[in-house]
Amino acid sequence: MKLGILSRAPRSYSTQRLRTAALDRGHQVKVLNTLRFAIDLSGEEPDLQFRGRQLSDYDAVLPRIGNSITYFGTAVVRQFEQMDVYTPNTANGIGNSRDKLRASQILSRHNIGMPATTFVWDRADVIPAIERVGGAPVVIKLLEGTQGIGVILAPTLKVAEAIIETLQSTRQQVLIQRFVKESRGRDIRALVVGDRVVAAMRRVAQGDEFRSNVHRGGTVERVDLDPAYEQVAVRAAQIMGLKVAGVDMLEGDDGPLVMEVNSSPGLEGIEMATKLDVAGAIIDYIDNQVAFPQIDVRERLSVSTGYGVAEIVVHGDADLVGKTLGESGLRDLDITVLTLHRGTTVIANPFNRHVLEPDDRLLCFGKLEEMRSMIPARPKRRARIKKLPKQPLPIDS
Ligand SMILES: Nc1ncnc2c1ncn2[C@@H]1O[C@H](COP(=O)(O)OP(=O)(O)O)[C@@H](O)[C@H]1O
Ligand SMILES: [Mg+2]
């Protein structure tokens with residue numbers, strides 16, 4: 001294949017390793033400075049120029065977009081997507097993972113452990129927010145920090161409040177997060193490629209530092225990951241839309257707590273710690289997937305007027321329970337079932353003979369009008385109010 005590595009650091013360890021791994025495998029590879037592209041929307045088809053000249057044909061790109069150029073960098077990646085060039089990490093995935101709040105919001109519905117996190121605007125809401133996540137000491141994070149910069153441990157409510165006020169006065173938005181003490185300055189970095197963890201390491205903070213980033217002096221050691229950690233890392237990366245990702249997890253009392261998902265994980269620390277060929281695994285994965293450029297399913301399918309994608313839930317008392325997919329009558333209503341979700345398992349392209357069970361979720365493509373009546377009513381929010389001690393009912397006056 002012909003691969004373009006989008007990077008502004010041609011001499012960095014990671015870029016060099018990826019380039020060499022591609023060459024060793026007989027691929028053509030070029031390191032392309034992300035900032036030298038011109039996005040060209042003037043012709044009939046989406047196009048790209050590089051250093052002022054028409055870009056040659058590429059089969060795949062591997063984006064290594066730094067934090068300081070997220071907007072332009074993701075625009076370039078999005079343009080490659082429009083040109084049907086394969087990328088393991090989509091522009092959406094990179095954008096979503098870059099913002100710690102956005103990433104946590106997206107992960108929060110998927111039953112993935114995360115440190116309790118909250119985000120507020122008004123000064124009056126700061127103290128209650130800190131208390132909601134467990135009180136001081138509390139972690140305060142800039143939304144787009146990296147390498148540990150912008151992650152602060154505030155020892156008391158007063159200090160936390162002062163830090164947040166100061167940052168907000170300079171128009172910086174911050175997350176408030178429970179300090180996961182039990183992790184004791186250590187965390188896990190899992191390198192996800194496709195649907196598996198290819199390497200993992202534990203990072204240990206130095207001295208009384210609580211941040212374990214290598215850039216903050218953290219040391220690294222290889223670690224054999226518990227399957228629970230592997231599974232969470234892979235799911236977190238997939239939900240973010242990233243096929244190459246470094247997933248950072250704290251070791252909580254009840255298992256992994258995902259802190260962030262990095263779309264351009266550094267390779268030096270993890271290859272040194274594990275002696276594994278992570279760069280090679282990334283290149284092999286891309287080579288395998290190159291025939292399948294990313295397609296935004298919703299966008300493509302909704303072009304057919306009146307048709308769309310929806311999720312239908314099989315209710316316990318509904319007439320679908322106990323029937324096979326074939327007997328369900330969905331096909332006659334012009335509805336195709338793309339996947340069947342049952343608990344944590346997913347059956348892709350399910351056969352007609354699958355018998356439906358209560359709580360099965362069917363991802364369907366079909367006539368919106370027909371699907372409308374089958375879409376479950378929006379569930380009521382679960383009240384999170386703690387049970388109050390029994391009190392006499394107030395007397396109506
Ligand atoms: N809620 C937390 N509790 C305990 N330690 C944390 C917490 N959040 C971050 N850390 C420590 O700080 C480091 C940096 O935090 P992280 O959110 O990954 O920011 P960055 O993007 O700067 O790496 C983590 O690797 C971890 O060691
Ligand atoms: Mg981190």
Side-chain angles (χ1 to χ4, degrees), residues 14 64-68 70 94-108 112-119 129-155 160 163-164 167 172-192 200-221 223 229 232-233 236-237 240 242 244-270 273:
S14 301
R64 307 274 311 171
I65 309 295
N67 261 53
S68 55
T70 302
I94 298 167
N96 286 341
S97 61
R98 186 91 355 137
D99 177 321
K100 290 184 177 33
L101 173 66
R102 207 193 285 182
S104 303
Q105 284 182 292
I106 293 171
L107 293 178
S108 67
I112 284 178
M114 291 188 291
T117 302
T118 173
F119 184 64
I130 296 174
E131 278 164 353
R132 209 163 41 240
V133 300
V138 68
V139 173
I140 297 166
K141 285 187 190 182
L142 293 182
L143 291 194
E144 294 208 3
T146 179
Q147 305 179 347
I149 301 163
V151 178
I152 306 162
L153 182 59
I163 293 170
I164 292 168
L167 290 169
Q172 307 250 38
Q173 297 291 332
V174 294
L175 285 184
I176 298 168
Q177 194 167 77
R178 178 172 91 86
F179 173 49
V180 182
K181 259 192 260 19
E182 65 263 31
S183 193
R184 300 190 308 273
R186 310 177 324 160
D187 73 356
I188 301 281
R189 159 62 63 94
L191 214 303
V192 175
M201 63 180 174
R202 179 177 281 124
R203 303 182 295 191
V204 183
Q206 227 178 31
D208 57 2
E209 174 62 65
F210 81 106
R211 297 165 297 177
S212 52
N213 302 68
V214 176
H215 286 91
R216 304 270 74 75
T219 55
V220 297
E221 62 195 36
V223 60
Y229 281 74
V232 164
M240 296 310 301
L242 301 173
V244 174
V247 181
D248 292 350
M249 295 169 282
L250 291 168
E251 295 167 273
D253 283 337
D254 296 322
L257 299 170
V258 174
M259 279 179 299
E260 62 166 351
V261 183
N262 295 279
S263 59
S264 306
L267 301 185
E268 187 165 9
I270 198 138

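Order of listing sets the numbers, starting from 1, for every ligand and every atom in it.
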Please report which non-hydrogen protein atom sits nearest to [atom], along with the residue it belongs to and the distance in Å to one decimal place.
| atom | value |
| --- | --- |
| atom 27 (O) of ligand 1 | Ser212 OG, 2.7 Å |
| atom 11 (C) of ligand 1 | Phe210 O, 3.8 Å |
| atom 2 (C) of ligand 1 | Leu250 CD1, 3.5 Å |
| atom 22 (O) of ligand 1 | Gly148 N, 2.6 Å |
| atom 14 (C) of ligand 1 | Asn213 OD1, 3.1 Å |
| atom 9 (C) of ligand 1 | Met259 SD, 3.3 Å |
| atom 15 (O) of ligand 1 | Val151 CG2, 3.7 Å |

Carboxylate-amine/guanidinium proximity below 4.0 Å for Arg202 and Glu251: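 A salt bridge is present here (some side-chain N lies under 4.0 Å from a carboxylate O).
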
CD/Glu144 to CD1/Ile149 distance, rounded to the nearest 0.5 angstrom?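 Those atoms lie 13.5 Å apart.
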
If you take all heavy atoms of [X] and [Y], which pair is closest and at what distance?
| X | Y | value |
| --- | --- | --- |
| Val138 | Gln177 | CG2-O, 3.2 Å |
| Val247 | Ala233 | CG2-O, 3.5 Å |
| Val220 | Arg203 | CG1-CG, 3.9 Å |

Check residues 212-219 and write down every donor-acceptor pair under 3.5 Å in which the side-chain atom is one partner and the other belongs to a residue at least two apart or another chain.
residue: Ser212; atom: OG; partner: Asp187; partner atom: OD1; Å: 2.9
residue: Ser212; atom: OG; partner: Asp187; partner atom: OD2; Å: 3.2
residue: His215; atom: NE2; partner: Gln147; partner atom: NE2; Å: 3.4
residue: Arg216; atom: NH1; partner: Gln147; partner atom: O; Å: 2.6

Within a distance under 4.0 Å of any heavy atom of [X], pick out the atoms of ligand 1 and give their elements.
| X | result |
| --- | --- |
| Asp187 | 24 (C), 25 (O), 26 (C), 27 (O) |
| Glu260 | 16 (P), 18 (O), 19 (O), 20 (P), 21 (O), 23 (O) |
| Lys141 | 8 (N), 9 (C), 16 (P), 17 (O) |
| Asp248 | 18 (O) |
| Phe179 | 3 (N), 4 (C) |
| Arg178 | 1 (N), 2 (C), 3 (N) |

Does any part of the side chain of [Y], heavy atoms only, come nearer than 4.5 Å to the side chain of [X], both counted from C-beta?
| X | Y | answer |
| --- | --- | --- |
| Ser183 | Met249 | no |
| Val258 | Asp248 | no |
| Ile152 | Val139 | no |

N/O donor-acceptor pair under 3.5 Å between [X] side chain and [Y] backbone:
| X | Y | value |
| --- | --- | --- |
| Asn262 | Gly246 | yes |
| Ser264 | Ile65 | yes |
| Thr117 | Pro115 | yes |
| Arg211 | Gly148 | yes |

For ligand 1, find out whether one of its N or O atoms is nearer than 3.5 Å to an N or O atom of Arg211.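 No, Arg211 has no N/O under 3.5 Å of an N/O on ligand 1.
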
Less than 3.5 Å between some nitrogen or oxygen of Val180 and one of ligand 1, yes or no?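 Yes; the residue has a nitrogen or oxygen that sits under 3.5 Å from a nitrogen or oxygen of the ligand.
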
Sort out for me which residue in Ile140, Val151, Leu143, Thr118 forms a side chain to side chain contact (heavy atoms under 4.5 Å, CB included) with Leu175.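 Exactly one candidate clears the test, Leu143.
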
[X] near ligand 1 by a heavy-atom separation under 4.0 Å:
| X | answer |
| --- | --- |
| Arg203 | yes |
| Gly145 | yes |
| Lys100 | yes |

Answer yes if the side chains of Thr70 and Arg98 hold a donor-acceptor pair under 3.5 Å, and no otherwise.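 Indeed, the side chains of Thr70 and Arg98 share at least one donor-acceptor pair under 3.5 Å.
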
Everything protein-side that's N, O or S and under 2.8 Å from the Mg ion (ligand 2): list it, residue and atom.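 N, O, S partners closer than 2.8 Å: Asp248 OD2, Glu260 OE2.
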
